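We use all heavy atoms of the structure for the numbers below, so side chains are in, but hydrogens, waters and symmetry mates are not. Because the structure is predicted, anything quoted here is derived from the model rather than measured. To find a chain, count down the sequence lines: A is the first, B the second, and so on, and within it residues start at 1.
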Amino acid sequence: MADFNTIAQKWQKKWKESKIFQTAEDPKKEKFYCLEMFPYPSGKLHMGHVRNYAIGDALARYKRMKGFNVLYPMGYDALGLPAENAAIKNQSHPKEWTLHSIKLMKEQQEQLGLSYDWSREIATCLPEYYRWNQFMFLKFLEKGLAYRAKSPINWCPKCKTVLANEQVEEGGCWRCHSAVEVKDLEQWFLKIKDYAEELLKDLDKLENWPERVKTMQRNWIGRSEGTLINFKLKGTDEDIPIFTTRPDTLYGVTYMVFAPEHPKVMELVKGTEHEEKVKKFINRVVIQEKFERTAEDKEKEGMFIGKYAINPLNGDEVPIYIANFVLLEYGTGMIMAVPAHDQRDFEFAKKFDIPIKVVINPDGYDLDPEKMSRAYTEEGTMINSGDFEGINNMDAIEEISKFVEKKGWGEKTVQYKLRDWLISRQRYWGTPIPVIYCGKCGAVPVPEKDLPVVLPDKARFSGEGNPLETNEEFVNVKCPECNGTARRETDTMDTFIDSSWYPFRYCDPRNDKKPFGKPAEYWMPVDQYIGGIEHAILHLLYARFWTKAMRDVGLTKVSEPFSALLCQGMVIKDGRKMSKSFGNVVDPGEIIAKYGPDTARLFMLFAALPEKELEWSDEGANGAFRFLKRVLSLAEENIAAPGEETGNREKNLIAKQHKTIKIVTEHVERFEFSLAIGRIMEFVNAIYKYREGEINKVVYDDAVRTTALLISPFAPHIAEEIWEKLGSKTMISLEKWPEYDESMIDEKAEQAEEIVHNTISDIHSVMELAKIKKAEKITLFVSKGWKYEYVRMLKQELEKTRDPSEIMKAMMLTDLKQHGGEVAKMTPKLAADESRLPKILLSQEEELKALESAKEFIEKEFEAKVEMVRADDSKEAKANNAMPGKVAILVK
RNA sequence: GCGGGGGUGCCGGAGUGGUCAAACGGACUAGGUUGAGGGCCUAGUGGCUUAGUGCCUGCGCGGGUUCGAAACCCGUCUCCCGCACCA
C-alpha cells in the first residue's frame, strides 16, 4: 500500500512543473470564475480553511473537466491589526511577520493539492497592490464619493484605533472585545449611503445568493418610508424636524424626545436651570451606556429640558424630553412621541406621567387612555383628529402626509439604517490615505504621479498611538499645490477596502498601469464565491458598494461582483465551535500528516452538505481514509482476466456505472458533494461485489476508470494515481467529466418480466418509461369518480403538449378544482354522505364512455395494450401493488 | 420582540405525496483471514413470526387533509442562528 502522502507529493510536483492550472483568457471558451474568500495570513490553516478550499477546489476541478475555462486564484488579505499587534508583542515589524505567515500558510495550502493558478497570487500588503486602493480613493474623492467630517467615533482604548459601527459587537471591539469609548475626530468617509437604494434593489437580482444573506443585508440597509415633519420650537421660528412612519398618529403627539447627545440639546439648555442636570444625564447615558446592550430591554431613562414644541397640525404645545432610547444616528435624532400608539413612547409616558391621547380606535369599542396597559398598534378608525376623523388609519397615513406636504410643513422621505462607511484607521499596517494637509491649501490629494504613498519601513511599534504620526520623514512633506510646508495624512484605510475589489485584481494581477484592465472584462463577475457566513454583511456589502462605485468612475461595467454565493457552515467538534479554550481544536496539519490531503478533503466534503455545520469526527476521517484505500486497491490488485463474456453481471455493473455518473453529476451541480460521494461509495461497493466472481477486464477497467474520474474533484492525487496505474499517459486533471447513456440505465435487464409503477401525475416520464421499456401492457389504476378527470387530463395533455412542466401545471389545477368541489371526485367517505357529492359527478355510463375513449388513445400513443383496474378498493389495490392515480407498465 | 432554519436508528446524516423510511459513512455484533492484535473481507444491527417471506411499530408531541403523510395544513413543545429601543 503506497503511502498517501508520497502519492500526493508526486502529483503536486507534476502539476506544478507542467503548469496545467495556469489560465489565460480565451474568448472561444466559456469562462468560470471560482473564488474562495482569501485568508488573513495568520500562519496556520484551520479546519474552516480546509473546508472552504475543499469545496472550491472540487468545484473548480469539476468545471474544468466540464470544459470551462476556469479562473481559480489565491492570495492574502495581508494588512490589518493582528500583524501590528504581533509586531508590538515581538518587537518586530508587521511586514516580516506577515510575509512569514504567508509563506507558512502557502506551504499548507500547497500540501492540500489545490488547483490554484499560483502565478496570479496577490498580497494586499505590497505597494503594488495597495497603490490601487489609493488610486481609487482619489478617483472617488474626485467624484465626491469620499469626504472628511468630524463625528463621534467608536474608540477602542486597547487597539488605540477607531472602529466602524459595523466593527462594534455588543459594545465591544470586534477583535479584542474591550469596551468601546466615544470620541470626536476628523475622519474620512465613503458615501455608501448614496448607494443604499441600489444595494437594496440589486439584491433581488442575486438569485444564486442564499436567502438569509440577502435578508441580513436588507435588514442592515434598513429602508423605511415615512414623512419628515417640522415642528416649531415654542416662541421662535426654529424648525424641529422629525421623521415618522406613522403620520396618522400626528394628532396623538403628547411630547417630543431628542437623542441626548444631539448638539441642539446643549444649545437649548444653555444658561437655563436645566443645563447642569442635562450635562450630567448626557455624560451618564451617552458615554457609559452607549454600547451596553443587555438581553432584556434596557430601562428607559430621560428628562424634561424645559422647552416646548408646537404641533403644526393642531397647534398643540408639547414638552421636549431627552431620553436614552432615541438614537442620534437614525432619522433626525429627534422623534415625536405618541404614547397611545407606540409601545416605547407608552412606557416612557407612564414612567414620566405624560398624558396619553388616543387617536385610533379599534373596530367595535373605544380605548380609554386611563385603562390602557399597553400601546394600541393595530389598525383602526381615526378619532380626535380634526378633518381626518372617521377614516381608516392606514388611509390616514397617506392623506395626512399629503396634507403636511401641501402645507409646506414637511415631505415624504425614505430613511436607511445604513451609515456612511468610516474608513480612517489610526494604525500603521494599512494603506496610507493619499492626502496632504497644507495650512494654505487645506486637504490636498496626492497627485497620481506620486503614487504609491508607501508605508515607511522605519517605525516604532510601542503599542500606543499610530507609529506613522511620530515618523517625521513620512509626515513632513511639501504641499503639492503651493510647495509650502505641509503634513501628510497619517490615517490608514480600513482593510475592508483591500478585500472590496481583489476579485478584479486576480484577473490582471501584474498590471502596473491600472488596477486592472481588459482581462477583468472577460472574467468578472465571479461565478461562484465561497466563504463563511460571518462575512454576510460587512465584506459582501462593501465589495458590492465598491464595485458600483468603480463602475461610476468608469473602471468597470460590472455592477455586482459575485453572481453566486455559497456560505459554508462551521466546522465543530463535540457539538461546539473549535476553540482553544474548549480544547477541541483539530489541526489540519496533523490530519494531513496522518492520512494525506485527499482523506482530509474527502471527509470534509462527505460529512455534511456545504451550508451545514460539520461535526468533525476522527472515526469519520478514518472511514474516508479506508474508502480511499479501497478505491486505490481497485487499480492496484492484480485481477485475473478470464474472458470477455458479457452476461447479466456485466450488464448490471454497466447499468450501475451509467446511473452513478448521472446521479453524481446532478449532485455535484447542486453542490451536494456528500451525496455525490455516497453514490461513488455505492458504486465502489458494487465493483467489489462484481470482482468476487469472474471478471471481464474491459468492463472492469472501465468501471475503475469511471470511479477515478468521478472521485478526482474530491481526491485528486489518488485519482491521478489510479489513472496512471490503468495505463493512461495523460493527467486525470485534464480529462473530461464522464458521460452517461440513459438507455444503459436499466438495472434489471435480466428480468424477463417486470412491473414498473409510476404516478400518473408525471405523465411525461410514464411515456418515456413505456417507450424505453417497450411496454407490452399498461395498467391504469383508477378509482371511482376522480378517475375520469385524471384519465381525461392524461388524454388531453398528451394531445396538447409533451412539456412535462405544462402537464404538471394542469394536474395541479385539477387538484385545486377538486378542492373547490367542481370536479368529479368521490372517495368512500364522500360516497357515504350523499349530500356532499360533487355536482358534476359522472354517471356510470358517461364514465365508461370516457374511459373507453381515453384507453383507445393511450393504446395508440404507447403502442401497447391498456388495461384499467379499479383501485379504490384498497384490498384489490394492494393485491396489485398499486394505488389509484398510478400507472403500471408491464414489460415482457 | 422581529426575521431565518431545524427536530428522522446508538452517532453524523439521506429521503419532502405512493414503487422505498433510514441511502452513504461511523459505531457495535458475528463469521472469515492472521501466531495474536491491528488491518482487510463478508453478513447483521426497531418488534413479532415463518426462515423463501409475511405482518406490525416507527420520522419531537397532538389534531386535520388524503385512497395513501416523515413530507401538505392547523396547533403545540423544543433547539440553533441572525438582528434588536430604527420612530
When every nucleotide of nucleotides 40-45 of chain B is labelled 5' to 3' by its protein contacts under 4.0 Å (heavy atoms), B for base, S for sugar-phosphate only, - for none, what sequence of letters results?
SSSS--

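Going from atom NZ of Lys300(A) over to atom C1' of C85(B) covers 5 Å, rounded to whole Å. Summarising the geometry, the separation between CD on Glu666(A) and P on G15(B) is reported as 13 Å, rounded to the nearest angstrom. At whole-Å resolution of the value, CG in Leu614(A) and P in G25(B) are 17 Å apart. Between the CH2 atom of Trp616(A) and the C1' atom of G13(B) there is a distance of 17 Å, given to the nearest Å. Here C24(B) presents its P atom at 12 Å from CD1 of Ile663(A), a figure rounded to the nearest Å. We find that CG of Leu628(A) is positioned 13 Å from P of G25(B), with the value rounded to whole Å. One atom, NZ of Lys417(A), and another, P of A84(B), lie 8 Å apart when rounded to the nearest Å. Summarising the geometry, the separation between OH on Tyr416(A) and P on A87(B) is reported as 13 Å, rounded to the nearest angstrom.
Taking atom P on both nucleotides, G44(B) is separated from A23(B) by 12 Å, rounded to a whole Å. On the P atoms, A87(B) is 29 Å away from C80(B), given to the nearest whole Å. The P atoms of G6(B) and A21(B) are separated by 23 Å, rounded to the nearest whole Å. Separation of the P atoms belonging to A14(B) and U8(B) is 11 Å when rounded to the nearest angstrom. If you take atom P in C61(B) and the same atom in C10(B), they sit 14 Å apart, rounded to whole Å. Nucleotides U19(B) and A71(B), compared at atom P, are 14 Å apart to the nearest Å. Separation of the P atoms belonging to U57(B) and A69(B) is 12 Å when rounded to the nearest angstrom. Rounded to the nearest Å, the gap between the C1' atom of G58(B) and that of C20(B) is 15 Å.
One distance of note links CZ of Arg670(A) with OG1 of Thr665(A); it measures 11.0 Å at 0.5 Å rounding. Taking OG1 of Thr227(A) as the start and CD1 of Ile397(A) as the end, the distance is 8.5 Å to the nearest 0.5 Å. Annotation: the span from Arg218(A) atom CZ to Lys417(A) atom NZ amounts to 13.5 Å, rounded to 0.5 Å.
Checked options Asp342(A), Ile240(A), Thr254(A), Ile242(A); the residue passing with Met336(A) is Ile242(A) (criterion: side chain to side chain contact (heavy atoms under 4.5 Å, CB included)). Between Phe603(A) and the options Trp616(A), Phe627(A), Tyr595(A), a ring-ring contact (aromatic ring centres under 6.0 Å, His included) holds for only Trp616(A).
Taking for each of Thr215(A) and Ala607(A) the nucleotide of RNA chain B with the nearest heavy atom, the 5'-most of the two is the partner of Thr215(A). Comparing Met216(A) and Arg246(A) by the nucleotide of RNA chain B whose heavy atom lies nearest to each, the residue mapping closer to the 5' end is Met216(A).
In this entry the base of G82(B) is anti relative to its sugar, with a glycosidic angle more than 90° from 0.
Taking the side chain of Asn324(A) as heavy atoms from C-beta on, and the options A14(B), C85(B), C24(B), the nearest nucleotide is C85(B). Taking the side chain of Leu609(A) as heavy atoms from C-beta on, and the options G82(B), C24(B), A14(B), the nearest nucleotide is A14(B). With A23(B), G82(B), G12(B) as the candidates, the nucleotide lying closest to the side chain of Phe606(A) is G12(B). Ranking G15(B), G82(B), A87(B) by closeness to the Ser224(A) side chain, first place goes to A87(B). Looking at the side chain of Glu619(A), the nearest of the listed nucleotides A27(B), G4(B), C24(B) is A27(B). With G12(B), G4(B), A87(B) as the choices, the nucleotide that has an atom nearest any side-chain atom of Glu615(A) turns out to be G12(B).
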Intra- and inter-strand pairing of RNA chain B, written as dot-bracket with Watson-Crick and G-U pairs under 3.5 Å and | for the latter, reads ((((((((.[[[..)..(.....]]](((((((.....)))))))(((.....)))...[[[[[..)....]]]]])))))))....

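Residue contacts shown for Val326(A) include a base, since a base heavy atom lies under 4.0 Å away. Among the heavy atoms of the strands, none lies under 4.0 Å from Ile242(A). Nucleic acid contact class of Ser617(A) (heavy atoms, under 4.0 Å, all strands): none.
Between Ile192(A) and Asp420(A) the shortest heavy-atom distance is N-OD1, 3.2 Å. Closest approach of Leu609(A) to Glu672(A), counting heavy atoms only: CD2-CA, 3.8 Å.
In terms of modelled atom types and a separation under 3.5 Å, the side chain of Asn311(A) and the main chain of Leu250(A) share a donor-acceptor contact.
The side-chain tip of Lys300(A) does not point at the ring of Phe348(A) from less than 6.0 angstrom away and within 45° of straight on. Both the sub-6.0 Å distance and the 45° axial angle are satisfied by Arg691(A) relative to the ring of Tyr688(A).
Note: Phe673(A) and Phe714(A) have perpendicular aromatic rings, judged against thresholds of 30 and 60 degrees for the angle between ring planes.
Under the 4.0 Å criterion applied to side-chain N and carboxylate O atoms, Arg626(A) and Glu619(A) are not assigned as salt-bridge partners.
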